[in-house]
Structures are given as structure tokens and as C-alpha cells.
Amino acid sequence: MVTPGPARAEPPSAVPAADGAVPAAITEALILAGRAMDARFWVPATAGNLSHRLDSESLAITRSGCHKGHLSPTDIMRVDLHGQPIGGGRPSAETLLHCQIYQVFPQIRAVLHSHSVAATVLSRAPATTIRLRDYEVLKAFPGITSHETAIDLPVFENSQDIAGLAGAIAPHLAAGLPGFYLIRGHGAYAWGPDMPTALARLEALEFLLTCELESRRSI
Ligand SMILES: [Zn+2]
């Protein structure tokens, strides 16, 4: 597993903060998760982004343009569930994709986005899904209890029109995506009910994608 893992953040406050303040425990969870992702080469340069739900109406997310392996508290800001900044600042370009996941799944509290080599290369193939079959690590995902199964990882077309991209993803989320998807030639999204679980699911996904990449290379 990824070490050191982020501490579990405190439960969200029931009362949204009027300013851009982010609780220290959630800031720390995001900083540690960013370091863990950087240590695995999942967020090169300033790529990728991380977020954590704060309450029913807002989330904390990394600002645009900062390196995720070297986050400081000032690199993390508060936005509402429509991506509008609370207290100023410019959030990550893909903030709307995070907001969409929190809107659809009230129980989700952490969303991670990677730009790994495996996610980028594998998703460049023209298929709209990548089948992951008979891997032991599939058991890291909810509802899977045996390696004797297969999941079809969805691949959405990349776009700089993030609202348009969210529109393409929406029906799949509504149908109950299992906690992750890829964007073609771009990277992966994974989420969970807390930061350690989101990080573990991203780690499992990245491991499986690396296995697929290696196996296709050897064929
Ligand atoms: Zn991205």
C-alpha cells in the first residue's frame, strides 16, 4: 500500500464556513495524499488534482498550477459544489469533474485525479472501455470478492471543455460507476468515502493499469 498514508480527516462540519477556510485536518490529508501520489509518479509537473468534501455544500480542492508533491496549506482552497470559489482564488481546471462526483454520490468525501504513464498510454487506444479481468487486486474495489471477475473501465474522450466532458460522464455516474474512470490520453479519476480509501482505490487502479500495460507490451 502507499506509505505514508494520509490521516483520516475529521467528520465535516454541518455548518458551511462563509469564508475560504479549510480545516487543518483536511488540509493535512490533501498534502499527504499529494506527496503519496507524487512518490508514485502519478502527478508529473503540476498535473493532477485532489479534493476533499467539507460539508453538504462545499469542498476543498487544490489550486490551479501547483505541484501536488509539494502542496502547502495556501495551495488548497474552498469551492462550492458548482465549482465557484468561496473566499477567492482559482481552483484546478477540472474542478467541475470533482464537483460532479460529490453531487452524485453524497457519501463520497475524497476525489483524486492522476496523470500516470499507464493511465495515459492505455487510454490512447481507441476502445471506450479497458477490460480488467482475473486480477487478484480487483478485490480492492467494492462488491468484488474473487479474482474470477472482470470490470470494464470506462474511457471518456478528452476535452478542454470541462462542462461538456462532465455532460458525457454524467449518465455513467448516474448508472453507478464503480469508483473510477479514465480520460483518453489524459489520466484517471478515483474516489472513495474517505481519503485513505480513495487513495487505496487509485493505487489498485494504477497497479492494474500497469499490469495491463506490461502484458500488452509483452504480447
Ligand atoms: Zn487532468
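Starting from 1, each residue takes its place in the sequence as its number.
- No donor-acceptor contact under 3.5 angstrom links the side chains of S114 and S116, judged on distance only.
- Side-chain N/O atoms of E57 and H82 include no donor and acceptor closer than 3.5 Å.
- Between the side chains of R184 and S123, no donor-acceptor pair of N or O atoms lies under 3.5 Å.
- When hydrophobic clusters are built by joining Ile, Leu, Val, Met, Phe, Trp and Tyr residues whose side-chain heavy atoms come closer than 4.5 Å, directly or via intermediates, L173 is grouped together with L59.
- Among all heavy-atom pairs drawn from I61 and P91, the shortest one is CG2-CB, 3.9 Å.
- Q160 CD: 12 or fewer foreign heavy atoms inside a 6.0 Å radius.
- Inter-residue side-chain proximity for V117 and F41 is flagged as unmet; no heavy-atom pair is nearer than 4.5 Å.
- Under the 4.0 Å criterion applied to side-chain N and carboxylate O atoms, R133 and E148 are not assigned as salt-bridge partners.
- Here the straight-line distance linking atom CG of L208 with atom CZ of F141 works out to 5.5 Å at 0.5 Å rounding.
- Put simply, the side chain of T95 does not reach to within 4.5 Å of the side chain of I162, judged on heavy atoms.
- Residues P193 and R201 share a closest heavy-atom pair of CD-NH1, 4.0 Å.
- In this structure the side chain of S58 reaches within 4.5 angstrom of the side chain of I86, judged on heavy atoms.
- In this structure, G192 and A198 approach most closely via the heavy-atom pair N-CB, 3.6 Å.
- Side-chain contact between H70 and R35: absent, with no pair of heavy atoms (C-beta onward) separated by less than 4.5 Å.
- Among all heavy-atom pairs drawn from A127 and V155, the shortest one is O-CB, 4.0 Å.
- With values rounded to the nearest 0.5 angstrom, Q103 atom CD is found 7.5 Å from Q100 atom CD.
- For F207 and Y135, the ring centers sit 6.0 Å or farther from each other.
- Smallest separation of non-hydrogen atoms from G83 and C99: N-SG, 3.4 Å.
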For F180 and I151, run side-chain contact (heavy atoms from CB on, under 4.5 Å): C-alpha distance rounded to whole Å, both residues' side-chain angles, the deciding distance at 0.1 Å, then the answer. CA-CA 11 Å; F180 41 74; I151 61 172; 3.4 Å; yes
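- Remark: D152 CG to L132 CG distance equals 8.0 Å, nearest 0.5 Å.
- Between the CG atom of L112 and the CG atom of L205 there is a distance of 11.0 Å, given to the nearest 0.5 Å.
- With a 4.5 Å cut-off on side-chain heavy atoms, W42 and L202 count as touching.
- I130 is connected to V137 through a chain of hydrophobic side-chain contacts under 4.5 Å among Ile, Leu, Val, Met, Phe, Trp and Tyr, so both are in one cluster.
- Taking the charged nitrogens against the carboxylate oxygens, R53 and D194 have no contact shorter than 4.0 Å, which rules out a salt bridge.
- Judged purely by distance below 3.5 Å, without hydrogens or angles, the side chains of N158 and H186 pair a donor atom with an acceptor atom.
- A salt bridge is absent between D75 and R63: the closest approach of a Lys/Arg side-chain nitrogen to an acidic carboxylate oxygen does not fall below 4.0 angstrom.
- Remark: the backbone N or O of I144 is not paired with any side-chain donor or acceptor of K139 at under 3.5 angstrom.
- At a threshold of 4.5 Å between non-hydrogen side-chain atoms, the residues L54 and P23 count as touching.
- Cluster annotation: L153 is not connected to L165 through the hydrophobic network of ILVMFWY side chains, with a link wherever side-chain heavy atoms come within less than 4.5 Å.
- S215 places a side-chain N or O within donor-acceptor distance of the main-chain N or O of C211, the cut-off being under 3.5 Å.
- The main-chain N or O of A21 is found under 3.5 Å from a side-chain atom of R78 such that the two form a donor-acceptor pair.
- Of the inter-residue distances, the one linking L122 atom CG with L182 atom CG reads 8.0 Å to the nearest 0.5 angstrom.
- Side chains of T62 and S92: a donor on one and an acceptor on the other come within 3.5 Å.
- Shown are L97, N49, L50; of these, the side-chain contact (heavy atoms from CB on, under 4.5 Å) with H113 is made only by N49.
- Distance check: C66 SG to I76 CD1 gives 8.0 Å after rounding to the nearest 0.5 Å.
- Between F156 and Y181, the distance separating the two ring centers is shorter than 6.0 angstrom.
- Aromatic ring centroids of H98 and H52 lie 6.0 Å or more apart.
- Heavy atoms only, all atoms of each residue included: I26 and A60 are closest at CG2-CB, 4.2 Å.
- Residues L199 and L209 are members of separate hydrophobic clusters, defined by side-chain heavy-atom contacts under 4.5 angstrom among Ile, Leu, Val, Met, Phe, Trp and Tyr.
- If you check the side chains of S51 and Y102, you find a donor sitting under 3.5 Å from an acceptor.
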Could you please spell out the steps behind the side-chain contact (heavy atoms from CB on, under 4.5 Å) verdict for E203 and R40? CA-CA 9 Å; E203 185 178 29; R40 308 297 288 270; 2.8 Å; yes
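- Remark: the backbone N or O of H147 is not paired with any side-chain donor or acceptor of E136 at under 3.5 angstrom.
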